[in-house]
**Student:** 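One structure is given below, represented as structure tokens, and several questions about it will come after.
All of these numbers come straight from a predicted model, not from anything done at the bench.
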Amino acid sequence: MSYSNYRAEFIKMMLAEGMNQWQAERLLYYSTRLDRLATAMCNGDYPCDNGQRKTKQCSKCDMGYAPESLNKYGVCPECRSQYNVEQILGGVGSGFEAIFSGDPRGCVLKIKVPSGRTNDWGREGICVPSSFNP
Ligand SMILES: [Zn+2]
């Protein structure tokens with residue numbers, strides 16, 4: 001299946017759980033962003049630490065990032081994306097929960113939904129597709 005099929009299927013499932021279109025699309029956006037960052041972390045690509053680049057520790061997760069990628073509170077792009085996902089889910093209502101994974105080979109973002117439906121191997125939640133394809 002192509003990304004656009006996975007995307008359409010994800011949106012359909014989220015709408016059935018009570019989420020709106022905008023919320024589902026924002027989760028897709030952040031999944032792609034988190035996937036790209038997890039891959040950068042593994043490969044030492046910008047803005048992550050590669051042992052040579054000048055880095056500064058994130059004030060939240062302590063991982064090293066290029067200083068200019070941290071916000072004014074010293075928080076890295078990954079922590080900011082995770083925070084934004086939590087905010088979206090908080091706005092949807094109870095029964096939704098984010099499951100983050102830093103492993104770009106799998107699903108970096110899954111959503112636990114009120115119905116308990118899952119589509120991942122671990123039966124934890126619904127995988128949020130990512131369009132990042134290095
Ligand atoms: Zn961080």
Side-chain angles (χ1 to χ4, degrees):
M1 232 172 31
S2 67
Y3 171 70
S4 63
N5 289 112
Y6 281 120
R7 187 179 194 283
E9 190 180 285
F10 173 77
I11 291 173
K12 203 172 134 191
M13 283 190 282
M14 289 300 116
L15 294 180
E17 297 289 340
M19 196 175 279
N20 68 36
Q21 179 91 18
W22 182 85
Q23 291 162 330
E25 285 177 5
R26 291 311 284 167
L27 292 178
L28 288 159
Y29 168 81
Y30 285 113
S31 185
T32 298
R33 206 173 151 72
L34 286 165
D35 192 14
R36 189 170 57 76
L37 288 165
T39 304
M41 181 70 77
C42 281
N43 299 342
D45 294 335
Y46 184 87
C48 300
D49 195 357
N50 64 357
Q52 296 173 338
R53 180 177 296 127
K54 185 175 182 267
T55 59
K56 204 176 157 188
Q57 276 188 319
C58 167
S59 61
K60 219 175 152 196
C61 69
D62 291 335
M63 298 298 287
Y65 280 88
E68 66 276 14
S69 70
L70 303 178
N71 71 4
K72 64 177 174 179
Y73 306 106
V75 179
C76 76
E78 184 172 3
C79 288
R80 296 199 306 264
S81 291
Q82 292 183 350
Y83 175 81
N84 289 333
V85 167
E86 305 280 6
Q87 291 300 107
I88 294 163
L89 295 182
V92 182
S94 60
F96 290 90
E97 197 186 308
I99 304 166
F100 299 106
S101 156
D103 188 346
R105 292 167 302 180
C107 205
V108 293
L109 175 60
K110 292 180 198 174
I111 308 294
K112 252 188 193 168
V113 294
S115 71
R117 184 176 182 177
T118 65
N119 69 354
D120 62 330
W121 290 109
R123 292 174 178 262
E124 292 179 309
I126 306 287
C127 292
V128 187
S130 157
S131 64
F132 180 67
N133 197 358

**Student:** Can you name the nearest heavy-atom pair linking Cys127 to Asn119, along with the distance?
**Tutor:**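 Looking at all heavy atoms of both residues, the closest pair is N-OD1, 2.8 Å.
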
**Student:** Has the side chain of Ser59 got a donor or acceptor atom that lies under 3.5 Å from a matching backbone atom of Gly74?
**Tutor:**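 Between the backbone of Gly74 and the side chain of Ser59 there is a qualifying donor-acceptor contact (under 3.5 Å).
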
**Student:** For Tyr29, does the six-membered ring have the charged nitrogen or CZ of Arg26 within the cation-pi criterion, i.e. under 6.0 angstrom from the centroid and within 45° of the normal?
**Tutor:**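 Flagged: Arg26 positioned over aromatic ring of Tyr29.
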
**Student:** Are the side chains of Val92 and Glu17 in touch, meaning some heavy atoms are under 4.5 Å apart?
**Tutor:**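 Heavy-atom side-chain distance check fails, nothing below 4.5 Å.
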
**Student:** Would you check if Arg80 and Tyr73 make a side-chain contact, meaning some heavy-atom pair closer than 4.5 Å?
**Tutor:**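 No, side chains not in contact.
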
**Student:** Please find the pair of heavy atoms, one from Ser69 and one from Pro77, that lie closest to each other, and give the distance.
**Tutor:**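 Scanning both residues completely, I find the closest heavy atoms to be O-CD, 3.6 Å.
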
**Student:** Taking side chain as C-beta onward, heavy atoms only, is Cys76 less than 4.5 Å from Lys60?
**Tutor:**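 SC-SC contact between Cys76 and Lys60 ruled out.
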
**Student:** Take Phe96 and Met19, measure what side-chain contact (heavy atoms from CB on, under 4.5 Å) needs, and give me the verdict at the end.
**Tutor:** CA-CA 10 Å; Phe96 290 90; Met19 196 175 279; 3.7 Å; yes

**Student:** Indicate, with yes or no, if Leu109 and Tyr6 share a hydrophobic cluster defined by side-chain heavy-atom contacts under 4.5 Å among Ile, Leu, Val, Met, Phe, Trp and Tyr.
**Tutor:**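 The answer is no; the residues belong to distinct hydrophobic clusters.
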
**Student:** If we ignore hydrogens and angles and just use 3.5 Å, is the side chain of Arg53 paired with the main-chain N or O of Gly44 as donor and acceptor?
**Tutor:**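 The answer is yes, because a donor-acceptor pair under 3.5 Å joins these two groups.
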
**Student:** With distance as the sole test, does Arg117 use its side chain to make a donor-acceptor pair with the main-chain N or O of Ile126 at under 3.5 Å?
**Tutor:**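 Such a contact is absent between Arg117 side chain and Ile126 backbone.
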
**Student:** Tell me if the CE atom of Met63 is crowded by more than 12 foreign heavy atoms within 6.0 Å.
**Tutor:**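 Count not over threshold, so no.
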
**Student:** Nearest 0.5 angstrom please: Gln82 CD to Cys61 SG, how far?
**Tutor:**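 If I round to the nearest 0.5 Å, the distance is 8.0 Å.
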
**Student:** Within the 4.5 Å heavy-atom criterion, are Leu37 and Val108 side-chain neighbours or not?
**Tutor:**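 Heavy-atom side-chain distance check fails, nothing below 4.5 Å.
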
**Student:** Determine whether more than 12 heavy atoms belonging to other residues, nucleotides or ligands lie under 6.0 Å from atom OH of Tyr83.
**Tutor:**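 Atom OH in Tyr83 is not packed in, count stays at 12 or less.
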
**Student:** Would the distance check show the side chain of Ser31 and the main-chain N or O of Val128 forming a donor-acceptor pair, the cut-off being under 3.5 Å?
**Tutor:**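 At least one qualifying donor-acceptor pair exists.
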
**Student:** For the atom pair OG1 (Thr118) and CE (Met13), what is the distance rounded to the nearest 0.5 Å?
**Tutor:**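 So the gap between those two atoms works out to 10.0 Å.
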
**Student:** Do Tyr3 and Leu28 touch side chain to side chain, with heavy atoms closer than 4.5 Å?
**Tutor:**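 A side-chain contact exists here, since the closest heavy-atom pair is under 4.5 Å.
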
**Student:** So which atom in Gln21 and which in Leu15 form the shortest heavy-atom distance, rounded to 0.1 Å?
**Tutor:**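 Closest approach of Gln21 to Leu15, heavy atoms only: N-CD2, 3.5 Å.
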
**Student:** Would you compute the distance between atom CD of Glu97 and atom CD of Glu86 and round it to the nearest 0.5 angstrom?
**Tutor:**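 The CD atom of Glu86 is 8.0 Å from CD of Glu97, to the nearest 0.5 Å.
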
**Student:** For residues Asn5 and Ser2, is any side-chain donor paired with an opposing acceptor at under 3.5 Å?
**Tutor:**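 Side-chain D/A pair, Asn5 to Ser2: present.
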
**Student:** Can you find a heavy atom in the side chain of Asp49 that is under 4.5 Å from one in the side chain of Tyr65?
**Tutor:**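 Answer no - side chains too far apart.
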
**Student:** Can you tell me how far apart CZ (Phe10) and CG (Leu27) are? Round to the nearest 0.5 Å.
**Tutor:**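 Atom-to-atom, Phe10:CZ and Leu27:CG are 5.0 Å apart.
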
**Student:** Taking the side chain as C-beta and beyond, is there a heavy-atom pair between Lys54 and Pro67 under 4.5 Å?
**Tutor:**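 Yes, close enough: below the 4.5 Å cut-off.
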
**Student:** Working to the nearest 0.5 angstrom, can you tell me the gap between Thr39 OG1 and Asp35 CG?
**Tutor:**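 Nearest 0.5 Å value for the OG1-CG distance: 4.5 Å.
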
**Student:** On a heavy-atom basis, which atom in Asn84 and which in Tyr30 lie closest, and how many Å separate them?
**Tutor:**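 Heavy-atom minimum between the residues: ND2-OH, 3.1 Å.
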
**Student:** Report the distance from atom CG of Asp120 to atom CD1 of Ile111, rounding to the nearest 0.5 Å.
**Tutor:**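 The CG atom of Asp120 sits 11.5 Å away from the CD1 atom of Ile111.
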
**Student:** Within a strict 4.5 Å, meaning less than it, do heavy atoms of the Met14 and Val113 side chains meet?
**Tutor:**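 Yes, their side chains come closer than 4.5 Å.
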
**Student:** Tell me if a side-chain donor or acceptor on Ser81 pairs with a main-chain N or O of Leu34 at a distance below 3.5 Å.
**Tutor:**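 Answer holds: no.
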
